[in-house]
Amino acid sequence: MHLAKNKQMAITFGLFPALLIYMIFAIYPILQSFYYSFMEWDGFSDMTYVGLSNFKELFQDPLFWNSAKNNIYVVLASVLGQVPIALFIALLLNRKLKGSKIFRTIGFMPVVLSTVVISLTWSLIYNSQDGMINELLRAVGLGALAQNWLGDTQWSMIAVCVTVVWQFVGLYLIIFLAALQNVPEEVLEAARMDGANEWTTTWKITIPMIWETILVAIILCIAGSLRTFDLIYVMTHGGPSHSTDVMALYMFNETFSNLQYGYGSAVSVVIFFFSLLLIFIVTKLLGRKMI
Amino acid sequence: MKKKISWLLFSVIFVLFLAGCSGNSNEASGSGVIELTVWNDWTEERPENTAYKNMIKQFNKEHEDIQVISESIPHDQYETKLRTQAAGKQLPDMFRVWPGARLKPLVEGNAVLSLNPIMDNWRDKIPEGILKDYAFNEEQYAIPANISETSLIFYNKDIIQQAGYNEFPSSYEGLKKLIAEVNNMGTTPISLGNKAVWPLQSVYISTIADRFTGSEFLPNTLEGEGTFENGQFIKALTVIQELSEMDAFNVDMNTLDEAQSRNEFIAGNAAMHFAGSWAIGPILDNVENTDNIGVAPFPSFAEGEGNQNKIAGVAGGGIAVNSSLSEEKQQAAFKFLKFFYGNQLYQELAKANIIVPVEVEVDGAPEVYKKANSFAQNGLAPVYDATLPPNVTDVINNGLQSITLGEKTPEELAADMQEELENE
């Protein structure tokens, strides 16, 4: 009894520094954003309380809705691109494949690279004149398909989404690999003994057994996509003509370029609730209690 | 034992944490030397920036009791950082500022110190009309180091000659014909890099709109005595539409930044490049044959109501002083500014082909520099992003990009700008 109490104390004390740091650097700024979102403030002069007018203005701003729409594209591309591709590769690599370690390293590489490096590299790949994609197309006689990938509003969002998917596939690949390695060999063995083929074992046993991990990956994916900022900021600045604007970028521009700290805070509050809502819907849809 | 270790760990983390919190205080160094930090955007390797940095070095050498520390931040991030730090009341002792609308929020937020006590130093040297770019309500907040003409046309003489021109056309109609000829040759007529969305506004519209509307239009509209939906202003915006429809620009204009597009021109891949006087140095330093480069003022517009000889320009290179400095530091900062904005700096800048606000003699200056210098004699038209409030600048910047993509009409952009202005 005495021991358990002591242990609890130790745990509490052990957690305290982390909790303190978390409160100061995560919780407090969020609360502060809520506070600022009711204010009109340019960052320098005194704040004035304006109630909900920032939110009213926000919901009537077509540019905000445009950025929300683009953000949904990023979410869809991530959830429907990153997760299935990562799962597929993970299933392949989980077999006793020669050189699977090398493939794993290659797959994980983009996650380690800095986003700025990735953005600049992909900007070069997409370059309309001497970029790799257009050069390749021209080399195989499909020059007519060459596009101004990042400079054309029709293509810019797709081009950005491809890069986002590429960047994070490796992360989910590693998460799935770890989960797959925890699937007990005996269960699979038993299934095979019962005559289940590879396809059935994968669908009926392996995937259900790592379903929790997949769900976590999807939620991480959504949360990450809603925060997308640096990649697009470097690649396109949200342009051309707002075609790749996402919510975080819109918030950044309104706050720091246009000096509307109150309005920008309102945007971040909306992003906060939007993320909660999306994650809530997804957990409800895909079942299992997560939060 | 375990308990001891966990306590030890806890205290180590806690101490580290406290140490992290207290890192930012500006302690005076014990030796009695006053340290002044100055933020700037002199990251690019160019003669102008070297001149600025040399002035600081020399000042430090001559003044043992004052040491000026320069911190350089890349241009495109600089202003964002400055504004954010200003909002958090964490500005350095001195910092580079841009004039007009971009300085105004700092002045209104009482972040910058008036330089009026030391203004006698420059009164007779720098014309009043140029000083006023850095002044609000009779208070001077920075001294200009240069004049930025924002709208010059650099052209490649060879390419233009091949297109059948010995002289650069002086009218818009002539320019359009030239563009068509160059296009027929399969060469890009104008190299443009509008990824950061300011060039079409600052370089193009500032002068084009002034030619159409006259210089009174902008201040009047901001005062509410006019509107952006003015027919002449819309005609100015239509010029951008017309140019992009006739393929005057490179196709990747919205994915290149300004420096990349300048390099395309330097490499001889385009007949023209529209830019400001900041491009003179880099172009002359990097082209193979400087005699092949010409510079021309913007063309004149037959229907224009403004003075067809003015081009847009504004004072630049000013350094402001933090308003919350101690008396001792203030005096040191004043001493530094008096030294910095002295004859030597203007000489050095002029040698680096920078247009300066004072009269200096430079022998053997290149033709391009002399010509560009002479354009300023006709008076300067206001630069849009130095005059408009930031949110309206944002609308026109992005709107012009939309026009080049055919996603907005000039009329729509004018209406958007007016709406944003009235929302202020």
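Both backbone and side-chain heavy atoms feed into the values below; hydrogens, waters and symmetry mates do not. Throughout, protein chains are lettered first and strands after them, A, B, ... in sequence-line order, and every chain is numbered starting at 1.
Nearest heavy-atom pair, A:Pro240 versus B:Leu405, reported as atom, atom and distance to 0.1 Å: CB-CD1, 3.5 Å. Smallest separation of non-hydrogen atoms from B:Thr84 and A:Tyr261: CA-OH, 3.6 Å. For the pair A:Ser128 and B:Asp252, the tightest heavy-atom approach, listed with the atom from each and the gap, is OG-CB, 3.1 Å. Of all heavy-atom pairs spanning A:Phe252 and B:Thr80, the tightest one is CZ-CG2, 3.7 Å.
In the displayed structure, A:Glu40 atom CD is contacted under 6.0 Å by at most 12 heavy atoms of other residues, nucleotides or ligands. For A:Tyr73, the OH atom counts as loosely surrounded, since its 6.0 Å shell holds 12 or fewer non-hydrogen atoms of other residues, nucleotides or ligands. Counting non-hydrogen atoms of neighbouring residues, nucleotides and ligands closer than 6.0 angstrom, the CE atom of B:Met185 exceeds 12 such neighbours. Environment of CH2 in A:Trp155: sparse, with no more than 12 heavy atoms of neighbouring residues, nucleotides or ligands closer than 6.0 Å. For A:Phe34, the CZ atom sits in a packed shell: over 12 heavy atoms of surrounding residues, nucleotides or ligands are nearer than 6.0 Å.
In this structure, chain A has heavy atoms under 4.5 Å from both the backbone and the side chain of B:Ser402. Both the backbone and the side chain of A:Leu150 have a heavy atom closer than 4.5 Å to some heavy atom of chain B. With a threshold of 4.5 angstrom between heavy atoms, B:Ala86 approaches chain A through its backbone and through its side chain. For B:Lys89, the part lying under 4.5 angstrom from a heavy atom of chain A is the side chain only.
Using a 4.5 Å cut-off on side-chain heavy atoms (C-beta onward), A:Thr153 and B:Glu407 make contact.
In terms of non-hydrogen atom pairs under 4.5 Å with chain A, the most contact-rich of B:Gly109, B:Ala111, B:Pro389, B:Ala87 is B:Ala87. In terms of heavy-atom pairs under 4.5 angstrom with chain B, the leader among A:Asn148, A:Thr236, A:Asp42 is A:Asn148.
The distance from atom NZ of B:Lys195 to atom OG of A:Ser123, rounded to the nearest 0.5 Å, is 5.0 Å.
In this structure a side-chain-to-backbone donor-acceptor pair under 3.5 Å is present from B:Gln401 to A:Ser241.
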(request) Would you check, one step at a time, whether the test side-chain contact (heavy atoms from CB on, under 4.5 Å) holds for B:Asn398 with A:His242? (result) CA-CA 7 Å; B:Asn398 285 294; A:His242 294 293; 3.4 Å; yes
